[in-house]
Amino acid sequence: MSLVTTESLKTELEIFDIPYQDDSVLDKMVEQCICNRLQAQEILHEWVAYSATKQGVKLTTDTLEQFEHEVTGPQILICITNYLLNIIKAEEEEEDLLDSYSTPAKGSQKRPLTTPERPHSKRTAALMASPSILLSPASFSPNATPSQKYSQRGGKGEVVATFGAVQGTRWVGRKDPGAGVQVEILEGPEDSLNSSYKYMFQRLRDVRNVLTEKIEELGEGLRTHFSIEEFSPVSLPAQDSITVLGQICCDSNGKLNAQSVLLEAGPEQGGQQVPVDLSELKEYSLFPGQVVVMEGMNTTGRKLVASKFYEVGSKLLPSSYTPHSSFVAEPLNVLVACGPYAPSDSLTFDPLVDLINVIVRDRPDVCLLKAQVTETFENIFTRCIESIVDGTRSVGCQLVFVPSQRDIHHHFIYPQPPFSLPHPSKEQTQRVTLVPDPCTLLIDGVTIGLTSTDILIHMGAEEISCGTGSDKFSRILKHMLTQRSYYPLYPPADEVNMDYEKFQSFGQMPLTPDILVVPSEMRYFVKDVVGCVCVNPGRLTKGQVGGTYGRLLIQRSPQSEDGKRVSPCLTAQVVKI
């Protein structure tokens with residue numbers, strides 16, 4: 001399954017001679033293709049059929065929203081097609097297996113019975129924008145051919161997204177970069193994930209206990225905030241309206257939709273599951289694993305007709321970190337970049353070299369680097385670290401490295417322990433901070449939440465909504481903040497190897513971060529969500545072409561006179577490499 005791009009969609013639209021509003025339509029269609037695992041040709045066929053039933057409706061972002069609700073949910077036709085293709089493939093393999101026990105006929109053109117070199121599941125191929133290619137040490141050479149598409153990219157240094165007052169902003173660090181900048185994990189070394197651990201030993205009972213504690217903890221906060229006396233059991237018949245607490249789940253292994261929503265209560269409320277009727281709700285936004293409080297009727301004990309959701313507001317979120325040190329008058333320049341740092345068709349690491357040149361030019365105080373290296377051996381990773389440290393020696397900035405589950409040489413588990421350097425130099429010890437995924441950093445009194453896992457894609461494929469009026473990204477980010485979790489989705493995506501006991505300790509948000517960094521294959525953005533500035537800096541490379549990175553100007557501010565917290569993010573940009 002090939003990656004869907006705006007160029008491939010534009011080609012298909014020209015074939016069908018379909019006009020569209022602007023480039024934001026293409027970005028929206030790419031998002032729908034990734035979330036629903038569709039190819040460009042497939043979504044165009046669906047759109048042509050849909051527009052024909054709507055008297056030739058125009059292709060705009062608004063009509064695409066309606067199209068997503070009505071069509072690109074469960075794709076029955078595509079499922080049937082894939083099922084038939086699997087049957088045909090199985091029959092061909094059976095025939096080839098029988099032929100392998102006999103003498104092949106002369107001139108036989110049948111394919112040999114071999115194992116593919118790099119088998120990938122369809123879902124994995126849909127979510128991986130940059131193919132991970134296993135390489136031998138001999139294939140890594142400084143004389144490798146540079147990527148032609150990357151070297152011929154346009155728009156270098158172009159600002160593609162902005163936040164705050166950017167006019168007249170000078171993107172340079174302090175006069176003495178890195179000096180006096182305190183970078184530390186908020187929880188402290190004794191309470192944070194700082195080393196590898198054994199996994200693949202968790203029991204279902206332990207997973208259930210973690211989920212139960214999550215329901216009880218959030219439920220107690222909701223009960224206190226909304227002055228609810230007590231929660232009723234979800235499965236007992238009642239003639240009056242009741243208030244129930246539970247976790248959203250799906251009635252099957254398929255994708256969640258408005259007809260498949262179940263509410264699973266905690267043990268104190270009976271631990272039962274009951275179907276939920278959403279027809280009376282004017283608006284909602286739900287995903288599997290979400291802890292909710294809802295009000296409704298359950299006269300038979302077999303179905304809850306929901307009439308109201310208790311919306312979790314920003315007042316319920318944990319308060320931000322209150323620094324004890326004095327106010328710092330000089331802003332802090334932070335650069336954020338997420339790998340891969342080499343194009344998929346080259347190993348010359350030209351994008352990494354360009355990023356180092358940007359760091360030397362702008363002299364940021366702190367660089368947050370999400371790794372995602374595409375090689376297999378630790379020494380290659382160590383060389384990359386050494387190159388970054390040596391290349392930025394003149395700047396002296398603090399370097400923070402966050403791991404990713406796409407790093408082949410590192411532990412494939414979530415939460416993910418930090419990288420380890422076998423023999424760190426004195427300079428590396430002073431300037432390099434190795435943190436786990438996820439984590440909450442404290443930089444000069446400003447809290448920054450970090451995760452490398454593409455939660456936007458994973459939740460975007462599962463979340464359902466109606467009448468919310470906000471974009472999908474804002475809804476997902478608000479869910480993360482209100483559920484107080486870096487990965488609130490349950491069950492997790494297939495490619496996320498979750499350890500729930502460690503997740504309970506290291507995967508939760510200890511407070512509402514001032515800034516939340518969530519790199520994704522989705523379109524880059526910077527936006528304010530319930531008082532938290534959320535940033536998707538994009539990838540430094542996307543396949544064979546250049547990508548983007550982010551930069552922020554932050555300054556810890558004292559509280560305003562009315563007691564409200566002022567965002568420390570003065571301005572932010574997403575820039576093409």
Side-chain angles (χ1 to χ4, degrees), residues 34-35 123-124 127 185-187 192-193 197 199-200 202 206-215 217-218 247-250 255-256 285-292 312 317-318 338 370 372 402-407 410-418 435-441 447-463 472-513 515-522 529 532 534-536:
I34 294 176
C35 289
R123 182 165 189 177
T124 303
L127 297 177
I185 298 178
L186 182 65
E187 296 86 352
S192 61
L193 182 58
Y197 59 91
Y199 45 92
M200 298 179 68
Q202 61 182 346
D206 298 330
V207 175
R208 180 60 192 168
N209 290 339
V210 171
L211 297 176
T212 298
E213 290 186 25
K214 173 187 172 184
I215 295 174
E217 179 183 355
L218 292 180
Q247 178 176 267
I248 297 295
C249 54
C250 185
K255 183 179 176 181
L256 187 71
S285 175
L286 302 173
F287 66 91
Q290 179 182 3
V291 177
V292 298
V312 182
L317 298 174
C338 181
K370 311 292 183 75
Q372 297 192 0
V402 187
S404 166
Q405 294 194 52
R406 293 167 65 178
D407 290 318
H410 201 46
H411 298 281
F412 183 69
I413 189 66
Y414 191 86
Q416 194 172 25
V435 300
D437 175 30
C439 70
T440 306
L441 287 182
T447 54
I448 302 180
L450 302 170
T451 182
S452 296
T453 303
D454 201 335
I455 183 64
L456 294 181
I457 277 188
H458 297 169
M459 285 187 64
E462 302 294 339
E463 184 247 11
K472 184 184 287 287
F473 294 155
S474 295
R475 293 196 303 268
I476 293 173
L477 293 167
K478 185 177 180 181
H479 284 314
M480 292 177 64
L481 295 171
T482 56
Q483 297 285 306
R484 310 179 189 182
S485 173
Y486 284 106
Y487 199 94
L489 183 66
Y490 178 82
D494 293 342
E495 59 270 23
V496 176
N497 184 22
M498 181 75 74
D499 187 294
Y500 275 95
E501 288 188 273
K502 296 296 182 182
F503 178 72
Q504 185 180 29
S505 302
F506 307 117
Q508 312 301 317
M509 293 184 183
L511 45 71
T512 304
I515 299 168
L516 180 61
V517 182
V518 282
S520 173
E521 303 291 352
M522 296 298 195
V529 180
C532 176
C534 302
V535 184
N536 172 18

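Side chains included, hydrogens not; waters and symmetry mates left out as well; all remaining heavy atoms used. Counting begins at 1 with the first residue of the sequence.
- To the nearest 0.5 Å, atom SG of residue Cys250 and atom CG of residue Leu286 are 11.5 Å apart.
- For the residue pair Glu463/Ser285, the side-chain donor-acceptor check at 3.5 Å is satisfied.
- The closest side-chain heavy-atom distance from Thr451 to Tyr414 is below 4.5 Å.
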Task: Intermediate values then yes/no, ring pair (Phe, Tyr, Trp, His ring centres under 6.0 Å), Tyr487 and Phe503 - done: CA-CA 9 Å; Tyr487 199 94; Phe503 178 72; 7.1 Å; no

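- The shortest heavy-atom contact between Pro519 and Cys338 is CB-SG, 3.7 Å.
- Side-chain contact between Val402 and Val517: absent, with no pair of heavy atoms (C-beta onward) separated by less than 4.5 Å.
- One distance of note links CD of Glu462 with NZ of Lys255; it measures 7.0 Å at 0.5 Å rounding.
- By the 4.5 Å heavy-atom criterion applied to side chains, Met509 and Pro438 are not counted as neighbours.
- In this structure, Lys502 forms no cation-pi arrangement with Tyr199, as its terminal cationic atom is not both closer than 6.0 Å to the ring centre and no more than 45° off the ring axis.
- A distance of 8.0 Å separates OG1 in Thr447 from CD1 in Ile515, rounded to the nearest 0.5 Å.
- Note on ring orientation: taking the six-membered ring where Trp is involved, the planes of Tyr490 and Tyr500 are perpendicular (angle over 60°, cut-offs 30° and 60°).
- Checked by atom type and distance alone, the side chain of Lys214 never pairs as donor or acceptor with a backbone atom of Gln483 at under 3.5 Å.
- Side-chain contact between Ile448 and Thr440 is absent, with no heavy-atom pair separated by less than 4.5 Å.
- Residue Ile476 holds its CD1 atom at 5.5 Å from CG of Leu456, rounded to the nearest 0.5 Å.
- The two residues Val529 and Ser474 make their nearest non-hydrogen contact at CG1-O, 3.9 Å.
- Side-chain polar atoms of Tyr486 and Thr453 form no donor-acceptor pair below 3.5 angstrom.
- Scanning all heavy atoms of the two residues, the minimum distance from His411 to Pro417 falls at CD2-CG, 3.8 Å.
- Here CG of Asn536 is found 8.0 Å from CG of Asp454. Values are rounded to the nearest 0.5 Å.
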- [ ] Could you check Ser404 against Asp437 for side chain to side chain contact (heavy atoms under 4.5 Å, CB included), going step by step and ending with a plain yes or no?
- [x] CA-CA 7 Å; Ser404 166; Asp437 175 30; 5.7 Å; no

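- Rounding to the nearest 0.5 Å places CZ of Phe287 at 12.5 Å from SG of Cys249.
- Taking every heavy atom of both residues into account, Leu477 and Cys534 meet most closely at CD1-CB, 3.6 Å.
- Taking every heavy atom of both residues into account, Gln508 and Arg484 meet most closely at OE1-O, 3.3 Å.
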Open item on the list: Evaluate Glu495 against Gln405 for side chain to side chain contact (heavy atoms under 4.5 Å, CB included), listing each step before the verdict.
Closed with: CA-CA 9 Å; Glu495 59 270 23; Gln405 294 194 52; over 6 Å; no

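- The minimum heavy-atom distance linking Leu489 with Pro288 is given by the pair CD1-O, 3.4 Å.
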Task: side chain to side chain contact (heavy atoms under 4.5 Å, CB included) between Phe473 and Val518, worked out - done: CA-CA 11 Å; Phe473 294 155; Val518 282; over 6 Å; no

